[in-house]
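Structure first, then comments.
Just so we're on the same page: letters track the sequence lines, and every chain starts at 1. Fair warning: this is a prediction, and the values are worked out from it, not measured in the lab.
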Number of protein chains: 2
Amino acid sequence: MYVIMVYDVNQRRINKVLNTARKYLEWIQNSVLEGEITEAKFEMLKREIEIIINEEEDSVIFYIMRTTKYSERQILGIEKNKREQIL
Amino acid sequence: MYVIMVYDVNQRRINKVLNTARKYLEWIQNSVLEGEITEAKFEMLKREIEIIINEEEDSVIFYIMRTTKYSERQILGIEKNKREQIL
């Protein structure tokens with residue numbers, strides 16, 4: 001399955017959330033990661049995130065696609081992810 | 001079609017990007033909007049965004065789904081969008 005993760009968490013927890021997410025998904029741009037992931041690893045990711053965040057203050061959304069056959073990605077401006085790799 | 005929009009733009013252009021996106025999509029959390037949109041309106045949204053952003057500095061990604069039948073949304077923590085409506 002393919003997962004897009006977007007997070008809106010308190011400044012103090014951003015690094016922890018980002019570093020955890022990066023173990024499973026690819027960083028795309030500020031607060032957004034995505035990638036192919038197995039069901040089992042996705043469950044691990046969610047458990048790790050749940051431990052980090054404050055459930056009354058932070059928000060993490062996962063868009064889960066069983067197939068990417070019906071979806072497409074369009075970018076306006078730069079691809080931050082590419083730039084990161086070059087720098 | 002269904003569109004998820006995530007943006008990572010210079011502070012100076014955030015408000016313009018957000019206000020433009022809000023005319024077409026629903027605000028979900030910091031830098032994320034989504035919603036059902038027609039092909040024609042999506043083209044209008046992209047044209048408006050293109051005028052606002054600096055193409056060498058800003059990044060706006062659209063995930064376009066022809067159907068939401070194969071996708072799902074899971075949230076950890078709060079739904080910022082709901083809280084906004086209550087406040």
Side-chain angles (χ1 to χ4, degrees), chain A residues 1-11 13-14 17 20-21 26-35 37 39 42-43 45-84, chain B residues 1-11 13-14 17 20-21 26-35 37 39 42-43 45-84:
Chain A
M1 61 203 223
Y2 198 85
V3 168
I4 302 161
M5 171 180 167
V6 293
Y7 57 87
D8 184 356
V9 304
N10 187 293
Q11 191 79 36
R13 290 179 288 275
I14 284 180
V17 167
T20 299
E26 193 188 358
W27 184 84
I28 295 298
Q29 62 166 222
N30 186 33
S31 308
V32 184
L33 299 97
E34 60 176 77
I37 189 168
E39 183 81 43
F42 181 51
E43 291 305 317
L45 167 59
K46 282 191 292 180
R47 270 199 298 272
E48 285 200 55
I49 295 293
E50 263 170 343
I51 292 163
I52 298 165
I53 65 171
N54 175 332
E55 293 210 332
E56 282 163 20
E57 198 185 335
D58 302 330
S59 177
V60 179
I61 303 178
F62 299 97
Y63 297 98
I64 304 128
M65 298 173 209
R66 263 173 291 154
T67 169
T68 53
K69 220 170 25 184
Y70 305 98
S71 51
E72 186 198 335
R73 201 163 166 280
Q74 286 184 22
I75 299 173
L76 296 183
I78 57 164
E79 256 188 279
K80 298 236 172 180
N81 174 288
K82 273 196 183 158
R83 195 181 55 171
E84 274 260 306
Chain B
M1 60 205 225
Y2 199 85
V3 168
I4 302 162
M5 170 180 168
V6 293
Y7 58 87
D8 184 356
V9 304
N10 186 292
Q11 191 79 35
R13 289 180 289 275
I14 285 181
V17 167
T20 299
E26 192 187 359
W27 183 83
I28 295 297
Q29 62 166 223
N30 186 32
S31 307
V32 184
L33 299 98
E34 60 176 78
I37 189 169
E39 183 81 43
F42 180 52
E43 291 304 318
L45 167 59
K46 282 192 291 181
R47 271 200 298 273
E48 284 200 55
I49 294 293
E50 263 170 342
I51 293 163
I52 298 165
I53 66 171
N54 175 332
E55 293 209 331
E56 282 163 20
E57 197 184 337
D58 302 330
S59 177
V60 179
I61 303 178
F62 299 97
Y63 298 98
I64 304 129
M65 299 172 207
R66 262 173 293 153
T67 169
T68 54
K69 219 168 29 181
Y70 304 99
S71 52
E72 187 199 336
R73 202 162 165 278
Q74 286 183 24
I75 299 173
L76 295 182
I78 58 165
E79 255 188 279
K80 299 237 172 180
N81 173 289
K82 272 196 182 157
R83 195 181 56 170
E84 274 259 306

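Interface summary for chain B: among V3(A), V32(A), I4(A), the most heavy-atom pairs under 4.5 angstrom belong to I4(A). Of the listed residues (E55(A), Q74(A), R73(A), M65(A)), the one with the most heavy-atom contacts under 4.5 Å to chain B is Q74(A). No other option in T68(A), D58(A), N54(A), T67(A) has as many heavy-atom pairs under 4.5 Å with chain B as D58(A).
How far CD1 of I78(A) is from CD of E56(B): 9.0 Å, rounded to the nearest 0.5 Å. Atom CZ of F62(B) is separated from atom OG of S71(A) by 15.5 Å, given to the nearest 0.5 angstrom. Atom CD of E72(A) sits about 8.0 Å away from atom CE of M1(B), to the nearest 0.5 Å. In this structure, OH on Y70(B) lies 7.0 Å from NZ on K69(A), to the nearest 0.5 angstrom.
Contacts between V6(B) and chain A at a heavy-atom distance below 4.5 Å involve backbone atoms as well as side-chain atoms.
Scanning all heavy atoms of the two residues, the minimum distance from D8(A) to K80(B) falls at OD2-CD, 3.4 Å. The two residues G77(A) and I53(B) make their nearest non-hydrogen contact at N-CD1, 3.9 Å. Among all heavy-atom pairs drawn from Q29(B) and V60(A), the shortest one is NE2-N, 4.3 Å. In plain terms, the two heavy atoms of K46(B) and L76(A) that are nearest each other are O-CD1, 3.7 Å.
Partners of Y2(A) under the ring-ring contact (aromatic ring centres under 6.0 Å, His included) rule, at least two apart in sequence or in another chain, do not exist in this structure.
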